[in-house]
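Presented below is the structure to which this report refers.
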Amino acid sequence: MNKKLFIPGPVDVSEDVLLKLSEPVIGHRTKEFGELLISTINKLKRLMFTENNVFISTSSSTGLMEAAIRNCVKEKCLNIANGAFGERWHEITLINGKKADLLKIDWGLGVKPKIVEEKLSSNEYDAVTLVHNETSTGVTNPIYEIAKIIKKYPNVCFLVDTVSSLGGIKIEVDKLGIDVCLAGVQKALAVPPGLAVCSVSEKALEKSKTINNKGYYFNFQIFLKYLEKNQTPTTPSISLLKALNYQLEKILNEEGLENRFKRHETLGEITREWAKKNFELFAEEKYASNTLTCIKNTKNINLNELETKLYEKGYIFSNGYGKIKDLTFRIAHMGDLKIEELKRYLETINKILGF
Ligand code: PLP
């Protein structure tokens, strides 16, 4: 029996999307491929509310986090972190030989714009990284307020990880002035893992021209050169691209973006109500995410036992992440998940725990 995934990525993929993976493979230097690539990119632009260039990378999202750093950090980067993935971005920045400061905020809290303003006022940074939706804590950072601060510093490149929000929470790239907005396809977009996408502003592209040692695989200039020929620099995961294009078509024209965001809001509300009734939210409630909920295990229940029992009932459960691994558990509610499916999952947990 297939197990239903309630982990924060990868998530369940609809059968019709999976079927796209079994279509014949086409050559990546053909006209047909070029049409597929451009059609997918045009849909991503609608999803991201942007007119910037969009690149599709055959890698996981971490590859594009590295790309953003290698192409857009010249002087010094400010890595804002209120969770594990923000901290990972700092590690990536340093490992790539760039100067960086870590603005560390307690896990579970949202990033307050004031502290970003204080840091930027030193004028020592030419790039800022932010994780929009911290998958480790279930916090969605107030990106509209933070973006207002960053706009006051036109030389700063704003690099945003929307890995667990794109496709579930509205992100208006152009309005927000995001220079690089990146995500994977295996979370709120509900496509099998293996592709990552990013929008790149003119400012980021111009800057990347002035930066040495960008490498080859994640070099925005090389991505752009090939995109001008409707191609990708290297052999992409063609089958996944077909699945992504098909899924985006469904998202945009079958469900509709606003309906999709609304469904995620409802999923978030239902999960938070359940969590507050039975446990406590880990995230500051004001910033609690609509794609996943991180829950404090205030009743000290045996999470391994719960995981085993849920497995027997056909579900894959998620515990916490990183340093809060054993103190919390997470319920993902993103992708194509239906309200009834979430309710059934919560009822199953209620039965197991005797609530
Ligand atoms: N950023 C966030 C917010 C994530 O949730 C994840 C993965 O869970 C990543 C980055 C890394 O993504 P990947 O494993 O696709 O490289």
Side-chain angles (χ1 to χ4, degrees), residues 5-13 48 55-70 77 79-93 95-96 102 104-105 107-111 128-143 146 158-169 171 178 180-199 217-218 236-237 240 243-244 264 268 282-283 287-294 316-325 328-335:
L5 296 168
F6 272 91
I7 55 173
V11 304
D12 284 324
V13 179
M48 296 167 113
F55 301 139
I56 300 179
S57 162
T58 295
S59 69
S60 79
S61 319
T62 307
L64 288 182
M65 291 167 87
E66 187 150 272
I69 298 302
R70 295 194 72 152
C77 186
N79 302 120
I80 305 173
N82 55 340
F85 293 101
E87 288 173 18
R88 181 187 288 186
W89 222 344
H90 184 55
E91 204 183 330
I92 292 172
T93 313
I95 222 166
N96 276 288
L102 176 63
K104 212 169 173 174
I105 291 149
W107 285 33
L109 299 183
V111 174
V128 173
T129 64
L130 178 76
V131 176
H132 175 230
N133 193 69
E134 245 308 341
T135 320
S136 58
T137 61
V139 165
T140 306
N141 284 311
I143 195 163
I146 296 168
F158 189 22
L159 315 175
V160 183
D161 165 337
T162 60
V163 173
S164 58
S165 47
L166 188 71
I169 302 172
I171 300 142
I178 301 176
V180 177
C181 179
L182 67 96
V185 298
Q186 76 278 20
K187 297 193 196 264
L189 288 170
V191 171
L195 290 178
V197 302
C198 67
S199 67
Y217 199 72
F218 292 118
S237 178
L240 278 175
L244 174 62
H264 280 83
F282 183 78
Y287 302 110
S289 167
N290 283 330
T291 57
L292 82 141
T293 300
C294 182
I316 306 292
F317 167 83
S318 174
N319 59 357
Y321 191 93
K323 68 180 186 191
I324 53 169
K325 192 172 188 289
T328 59
F329 61 99
R330 293 173 300 166
I331 297 177
H333 32 83
M334 61 175 100

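Heavy-atom basis, side chains included; hydrogens, waters and symmetry copies ignored. Both counts, for ligands and for their atoms, begin at 1 and track the order of listing. Here the structure is a predicted model, which means the values were calculated and not measured.
Residues meeting the ring-ring contact (aromatic ring centres under 6.0 Å, His included) test with Tyr287, sequence neighbours left out: none. Remark: Phe158 pairs with no residue by the ring-ring contact (aromatic ring centres under 6.0 Å, His included) rule, at least two apart or across chains. Judged as a ring-ring contact (aromatic ring centres under 6.0 Å, His included), and not counting sequence neighbours, Phe218 has no contacts.
Listed for the Asn96 side chain is no donor-acceptor partner under 3.5 Å among the backbone atoms of Arg70. Ser318 places no side-chain N or O within 3.5 Å of a backbone atom of Ile331 that could act as its donor or acceptor partner. Using modelled atom types, one side-chain atom of Glu134 and one backbone atom of Phe85 make a donor-acceptor pair closer than 3.5 Å.
Near ligand 1, residues Ser60, Ser61, Thr62, Met65, Phe85, Arg88, Val131, Asn133, Thr135, Asp161, Val163, Gln186, Lys187 each place a heavy atom inside the 4.0 Å sphere around the ligand atoms.
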